[in-house]
Amino acid sequence: MVFIREPIQDYQPTGQETWYADGNGTIWSDEYHNYGVLWEDPFSLSYYVDGVLVRTTPVNDIDPENYTNGNGLTKPMHLIISAAA
């Protein structure tokens with residue numbers, strides 16, 4: 001979730017609340033889906049699948065390594081989605 005190029009610092013959350021599976025064994029590549037992220041403020045990200053809220057990232061998972069010096073997500077970001085699966 002936080003990646004800084006100079007010097008390289010990288011934190012990607014691994015907590016269960018930051019990943020999504022619908023519990024139905026859905027094969028996501030079998031059908032078309034809409035995915036979205038609402039960046040509400042520096043400490044609030046909400047994730048949607050087909051218009052339904054499925055996850056909200058806990059504040060303590062935004063930047064636990066303090067790479068942003070307590071400022072949270074305040075710089076412009078790009079959404080990267082891998083379709084490799």
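Quick caveat, the model's predicted, so the values are computed rather than measured. Values reported hereafter were calculated over all heavy atoms of this structure, with side chains retained and with hydrogens, waters and symmetry mates removed.
- A search for side-chain hydrogen bond (donor to acceptor under 3.5 Å, both in side chains) contacts involving Asn71 returns nothing, not counting sequence neighbours.
- Summarising the geometry of Val49 relative to Trp28, their closest heavy-atom pair is CG1-CZ3, 3.7 Å, with the distance given to 0.1 Å.
- At least one donor-acceptor pair closer than 3.5 Å links the side chain of Asn66 to the backbone N or O of Gly70.
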Is there a side-chain contact (heavy atoms from CB on, under 4.5 Å) between Ile62 and Leu73 once you walk through the steps? CA-CA 8 Å; Ile62 294 292; Leu73 305 175; 3.7 Å; yes
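- Considering only residues two or more places apart in sequence or on other chains, Val59 meets the side-chain contact (heavy atoms from CB on, under 4.5 Å) condition with Phe43.
- Rounding to the nearest 0.5 Å places CG of Asp63 at 3.5 Å from OG1 of Thr68.
- With sequence neighbours excluded, no residue forms a ring-ring contact (aromatic ring centres under 6.0 Å, His included) with Trp39.
- Shown here for Glu31 and His33, the closest heavy-atom pair between the two residues is O-CD2, 3.1 Å.
- Each of Leu45 and Leu53 belongs to its own hydrophobic cluster when Ile, Leu, Val, Met, Phe, Trp and Tyr are linked at side-chain heavy-atom distances under 4.5 angstrom.
- Residues satisfying the side-chain contact (heavy atoms from CB on, under 4.5 Å) criterion with Glu40, sequence neighbours excluded, are Leu38, Ser44, Ser46.
- Residues forming a side-chain hydrogen bond (donor to acceptor under 3.5 Å, both in side chains) with Thr74 (at least two apart in sequence, or on another chain): none.
- A donor atom on one side chain and an acceptor atom on the other are found under 3.5 Å apart for Thr26 and Asp22.
- Nearest heavy-atom pair across Thr57 and Tyr47 is OG1-CE1, 2.9 Å.
- Taking the side-chain contact (heavy atoms from CB on, under 4.5 Å) definition, one finds that Asp30 meets it with Ile27, sequence neighbours left out.
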